[in-house]
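Inspection log for the structure reproduced underneath, given as structure tokens.
This is a predicted model, so every value here is computed, not measured.
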Amino acid sequence: MLSLIKDYNLPARFPEPVVEEAKKYGDKINKKEIENRVDLRKDIVFTIDGEDAKDLDDAVRVIKLENGNYKLDVHIADVSHYVKPNSLLDREAYIRGTSIYLLGRVIPMLPRELSNGICSLNAGEDRLTLSCSMEIDKSGKVISSEVYKAVINVKERMNYKDVQKILDKSDKTILKKYEKYIEDFETMAELAKILKERRISQGYLNLDIPETKIELDINGRAIDVHPYEIYFSNEIIEQFMLTANETIAEKFYWLDAPFIYRVHEEPDIDKVKELNQFLYNFNLKIKITNEKVYPKEFEKILEEIKGKEEERVISTFILRTLKVARYEAENKGHFGIASKYYCHFTSPIRRYPDLFIHRIISHYLEENYNVEDEFIEEYMNKAEESANQSSEREKIATKVERDSEDMKKAEYMESKIGEEYEGIVSSVTQFGIFVELPNTVEGLIRFENLGDEYFIYDEKRKSLIGEKTNKTYKIGDKVKIRVISANKMLRQVDFEIAN
């Protein structure tokens, strides 16, 4: 991990003056601040995160209204209250752009005194938030919304596993422990289902590609690798955060405010045509209308393959066809979410664009939306600079996180040399085939390890064809493999065909 930190020149430590600036805020909010905010400390508000999460930047509450609609409150840590423009903390956060999650360690965007302390929405503590309340009808449409500054006190710090047990009624101890909140979680689940169905009907790409969970021992060595288990309770938070992000983006787009949007443009038609050549193997096709493609077309394919063996491989291929999302000062919509307006508002502890737009939103609230031209002009330029910087830092974070994962996967497979597994061909190249195992580890079978035959690479169909026997290897095929080598420093795993 240290070699990766060095390779990518990551800022592993905070300069002392930055830490000192963070420490001066202490761990309790200034009581005077409460007078200027909506006091919601009596509301039943929850955080729902992974069990090992430390920086809790979002809390939620859902109630059912008398008219049958839902009121969704999304409370986000008011980081911009502490990280002032041009302060040492702000300059350091701008340079870092994002928190980086390596296995066994985090390189945070903000010092722990803020990220795990005064900014984190820890249960039982008064915390300052920038909040968005939305009234949502029975079809999942946001019919009204309000943005404001608040003070909250989280009642329970929940994790996805426990919330799922409550919804499934599968654990008596957990049900007893959270007895008085069961109805709250059931209302949340009800609303999340409605929001998700509405999204899918609009073409939201529900790419079901499981992330990898790598278990480490106390010395940081990989002792198990398996798909990260996703529960419906994860979906609850995802749907609520997507809704808040869209609501904020649309509101500030129509105000012509200087802003940073999360942009995901539609894919290149040539790439979609290439995808169709691959999908032809599965009797599937993405419809292209007048050299244009719509999210709904991708969603139809994803629905078609749900639960099938080839689901992961096709989902991954679709992901490669899509463009990479980025930050921009101009709103261009989000293809993957099938949304006209989208931004990142919900994670200001770990992402600079969220912190930046919090600053904008706060200023608009303080000025009662009568914002001076000088501010708009200044922040229009800053929005562009910050969007570019954040996009670059995000690329680096993605690369280093992927490398750290590959390193630990290879380390785990070093103890599996000689073992046999069944996997699925995930990619076909000019130098061999990549096979993915059920535990998410991917390895390469080079030509010389495919047996005694010479194989010809068919680029169009992304397949290999044996010269003598016409034996074919194509994406989605099941194969039995043997692990022949693994090297954590090179982050490589090599297989051979087992039969």
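No hydrogens or angles considered: nothing links the side chains of Tyr94 and Glu385 as a donor-acceptor pair under 3.5 Å. For the residue pair Ser133 and Asp73, a side-chain donor N or O sits within less than 3.5 Å of a side-chain acceptor on the partner. A side-chain donor-acceptor contact under 3.5 Å links Thr469 and Glu453. For the 3.5 Å distance criterion, the side chains of Thr98 and Glu394 fail to qualify, holding no donor opposite an acceptor. In the model, Ser115 has no side-chain atom that pairs as donor or acceptor with a side-chain atom of Asp55 under 3.5 Å. Judged by distance alone, the side chains of Ser131 and His75 do bring a donor and an acceptor atom under 3.5 Å apart. For the residue pair Arg112 / Ser120, no side-chain donor-acceptor distance below 3.5 Å is found, with atom types taken as modelled. Side-chain atoms of Asp90 and Tyr352 form a donor-acceptor pair, as typed in the model, at a separation below 3.5 Å. Donor-acceptor pairing under 3.5 Å is lacking for the side chains of Glu135 and Ser145. In summary, the side chains of His264 and Tyr342 do not present any donor paired with an acceptor at a separation below 3.5 Å, with no hydrogens or angles considered. Counted by atom type alone, Ser80 and Asp78 present one or more donor-acceptor pairs between their side chains at under 3.5 Å. Side-chain polar atoms of Glu215 and His226 form a donor-acceptor pair below 3.5 angstrom.
By the 4.0 Å N-to-carboxylate-O rule, Asp354 lies close enough to Arg351 to be salt-bridged with it. The residues Arg326 and Glu265 are annotated as salt-bridged, a charged nitrogen and a carboxylate oxygen being separated by less than 4.0 angstrom. A salt bridge is absent between Asp403 and Lys408: the closest approach of a Lys/Arg side-chain nitrogen to an acidic carboxylate oxygen does not fall below 4.0 angstrom. A salt bridge is defined here as a Lys NZ or Arg NE, NH1 or NH2 lying under 4.0 Å from an Asp or Glu carboxylate O, and Lys213 with Glu405 fails to meet this definition.
Put simply, the side chain of Val493 reaches to within 4.5 Å of the side chain of Met413, judged on heavy atoms. Side-chain contact check for Glu297 versus Val272: every heavy-atom pair is 4.5 Å or farther apart. The shortest distance between side-chain heavy atoms of Ile314 and Leu279 falls below 4.5 Å. Between Ile214 and Leu216, some side-chain heavy-atom pair lies under the 4.5 Å cut-off. Between Phe495 and Val479 the shortest side-chain heavy-atom distance does not fall below 4.5 Å. Within the 4.5 Å cutoff, the side chain of Leu322 has heavy atoms near those of the Leu205 side chain. Counting heavy atoms from C-beta on, the side chains of Phe298 and Pro267 come closer than 4.5 Å. Contact check for Val263 versus Tyr327: no side-chain heavy atoms found under the 4.5 Å cut-off.
Environment of OH in Tyr454: sparse, with no more than 12 heavy atoms of neighbouring residues, nucleotides or ligands closer than 6.0 Å. Summarising the local packing, CD of Glu384 is surrounded by 12 or fewer heavy atoms from other residues, nucleotides or ligands at distances under 6.0 Å.
Because its NZ or CZ atom is both nearer than 6.0 Å to the ring centre of Phe14 and within 45° of the ring axis, Arg96 counts as a cation-pi partner of that residue. Geometrically, Lys409 does not engage Tyr412 in a cation-pi contact defined by less than 6.0 Å to the ring centre and at most 45° from the axis. Taking the ring centre of Phe46 as origin, the terminal cationic atom of Arg157 falls outside the region bounded by 6.0 Å and 45° from the ring axis. For Lys193 and Phe232, the positive end sits near the middle of the six-membered ring, less than 6.0 Å away and at most 45° from its axis.
Two rings, from Phe455 and Tyr457, have their centers 6.0 Å or more apart. In this structure, Phe259 has its ring center closer than 6.0 angstrom to the ring center of Phe252. Ring to ring, Phe282 and Phe278 are close: their centroids are under 6.0 angstrom apart.
Summarising the geometry, atom OG1 belonging to Thr429 is positioned 9.0 Å from atom CD1 belonging to Ile433; distances are rounded to the nearest 0.5 Å.
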Exercise. Between Lys306 and Glu303, is a salt bridge (Lys or Arg N to Asp or Glu O under 4.0 Å) present by the stated rule, with each step listed?
Worked result: CA-CA 5 Å; Lys306 205 151 211 55; Glu303 204 50 51; 5.7 Å; no

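By the 30° and 60° cut-offs, the orientation of the rings of Tyr341 relative to Tyr253 is tilted.
No side-chain donor-acceptor contact under 3.5 Å links Asp494 to the backbone of Ser485.
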